[in-house]
There are 12 protein chains.
Amino acid sequence: MSVARTTEITATSPKGFEDASRKGIERATRTLRNVRSAWIKEQEVVLEGDAVDHYKVTMKVTFILDD
Amino acid sequence: MSVARTTEITATSPKGFEDASRKGIERATRTLRNVRSAWIKEQEVVLEGDAVDHYKVTMKVTFILDD
Amino acid sequence: MSVARTTEITATSPKGFEDASRKGIERATRTLRNVRSAWIKEQEVVLEGDAVDHYKVTMKVTFILDD
Amino acid sequence: MSVARTTEITATSPKGFEDASRKGIERATRTLRNVRSAWIKEQEVVLEGDAVDHYKVTMKVTFILDD
Amino acid sequence: MSVARTTEITATSPKGFEDASRKGIERATRTLRNVRSAWIKEQEVVLEGDAVDHYKVTMKVTFILDD
Amino acid sequence: MSVARTTEITATSPKGFEDASRKGIERATRTLRNVRSAWIKEQEVVLEGDAVDHYKVTMKVTFILDD
Amino acid sequence: MSVARTTEITATSPKGFEDASRKGIERATRTLRNVRSAWIKEQEVVLEGDAVDHYKVTMKVTFILDD
Amino acid sequence: MSVARTTEITATSPKGFEDASRKGIERATRTLRNVRSAWIKEQEVVLEGDAVDHYKVTMKVTFILDD
Amino acid sequence: MSVARTTEITATSPKGFEDASRKGIERATRTLRNVRSAWIKEQEVVLEGDAVDHYKVTMKVTFILDD
Amino acid sequence: MSVARTTEITATSPKGFEDASRKGIERATRTLRNVRSAWIKEQEVVLEGDAVDHYKVTMKVTFILDD
Amino acid sequence: MSVARTTEITATSPKGFEDASRKGIERATRTLRNVRSAWIKEQEVVLEGDAVDHYKVTMKVTFILDD
Amino acid sequence: MSVARTTEITATSPKGFEDASRKGIERATRTLRNVRSAWIKEQEVVLEGDAVDHYKVTMKVTFILDD
């Protein structure tokens, strides 16, 4: 029976929310092993001078701790 | 004046959240008549090995009850 | 040190949630200056006869007030 | 020791919220046995032209399951 | 500058939610002085057999403490 | 595809919650066009010397923006 | 890619919360196939004349729909 | 039609959450008459030097007021 | 193993939120023994004719019950 | 019986949260008449380099509408 | 005056929720010093075939940071 | 496009909430680089024998991850 940990990260992308979530997961899996899921907590569009600059996603990433 | 019912379903897709929501709606409309809307309650990315395996969406589906 | 205001808008699109959010932002920037962000509050798929008719997004749009 | 189930329904009435809740309960008791309670989750007034068209109540109806 | 206290009470009535809230307030003002307000926290319809038996309201009653 | 806005208003009435909501909607439709709904956010009974003085309702009023 | 449904049930036991949750799951698996999980939403101790009468658990039970 | 009051108490036990809830109910029934239920609001394990010291439960206890 | 109770009070001060919280605690400790903490639930600034009149704090005060 | 409106603003100050709330209220009363209260919704400290740059407060400001 | 940190972990056990919480705490105290408490955030029963496979607890574990 | 992480810390001060938040931020910036903000989650006054002992603030601190 393993123990998992959850950490909260925020990632951005100029393309869209799904791309931002992939970016965040990609960054998380570089440092963490056994990443199982990323629950979407917040989604925000950020503007620069009246135009969409990027999409920002806050996620709770869960990964299994080594024993 | 009709009465509507709401039920909670969870659907998945390897492509993205919107595709997962369409899958869930498609499945719901096979069994339920007069489906009016699907309110997005939760969105989660599920991984396998260090890569995205599928997108999971939990929705509250509302449909009109026959009189 | 500026003061910002937040207003709640709902926009729709037949294509998807992100397109709906862009539509809402586009409409907001026509009337409001210095729009900084749009926080996604709700997402709902609306059906017509058993098929998806449009995607509905409720957003909290924040803009900087002139001094 | 019995087991109960809860289902979410939405009912409307041109008269008021309490009448809408009675309508919803009346419809529920036509299909469900042993209905015990209806917890009021949401209340909304819906307009047509600039006048009140109907009152909409979302309720969580609890009923005892047969053994 | 006075200090106020808030206490939570639940009252019922066979007539409706507003009558139940008046009953609760009437009972509270018998024991408490300087009652200022009753914020409606929950509303539930309770059934007996398949008919409405009574309306139940949970309220947070605020009253000013004597100095 | 129209865009809607939501604003929060509070109205009162000595008679009851539904009358207070009608008062608020009546006031809103004097200044706003295309009002579609009023979602009930809060309900509070306000007292004056141990007796009910008025019923206070906070609502989120949604109206369609002109294009 | 399967679709799952979630339903809300309430079960009781004179022994404790875990026993009540097992009772609820046991009842659910009698009527539903492919039950995957039961998320604990509420826990309440109910008394009868100053003594604990039973433990009440409200759970959201998720099960996989047949295709 | 009686009126009930709800008060919030916190109790602890070295054995477990259910024992802590019984301790709290036992203490409440010593001072309050007609205690009907204890809804579990919070559960926390408290440690002392890397070992479990006690289980802490916060409950909302409801009791019927004398007329 | 002691049992604690939590009660909700609201205090005000013309100086600021922290002063209001001290006022509330000072008033609570006059009537209650063994007050352990005051958790800040709400903070509101109240105006009188376009100027700040006072700061209002709602707190949940926890105190240990005598055995 | 008047009708009030609530709008959400965010203000900042290098000094502290209370100063930020006063700044926001001062800005609001320049444009709005009959401002009654400002309910504190969010408080955030924003850094620059490793030092506090400013305090950010989000408030819901309520003002009475002219009849 | 020390500073504490809170991290979110999920642990499981075939026996029950309390055993799962002890497992999680045991694992946490292997890596973290000065663990003070574990606040229970979520409880879920996970099934395999139609039988309970394990109990899953999500906890927020708080520990004091070394100075 | 960078990725940020959020961690939850609790700090205390005998002086006040703002001082406690500065203490927490000061401690965080000793171990973490690129700290951007501290969102105030909870505020609690802790007493010792009927007098205020210290102010406790729980914050969610966000910092940018190195690439």
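Note that the coordinates shown come from a computational prediction; the quantities given were computed from them, not determined experimentally. Naming: A, B, ... by sequence-line order, numbering from 1 per chain.
In this structure, CZ in Arg27(I) is found 7.5 Å from CG in Asp66(E), a value given to the nearest 0.5 Å. In this structure, OG1 in Thr10(I) is found 12.5 Å from CZ in Arg36(E), a value given to the nearest 0.5 Å. The distance from the CD1 atom of Ile9(I) to the OG1 atom of Thr62(E) is 12.0 Å, given to the nearest 0.5 Å. Within the model, atoms CZ of Arg30(I) and CG of Asp67(E) stand 6.5 Å from one another, a figure rounded to the nearest 0.5 Å. How far OG1 of Thr58(I) is from NZ of Lys60(E): 9.5 Å, rounded to the nearest 0.5 Å.
With a 4.5 angstrom heavy-atom cutoff, Thr7(I) touches chain E only via side-chain atoms.
For the pair Val3(E) and Gly24(I), the tightest heavy-atom approach, listed with the atom from each and the gap, is CG2-CA, 4.5 Å.
More than 12 heavy atoms of other residues, nucleotides or ligands shown are found within 6.0 angstrom of NZ on Lys23(I).
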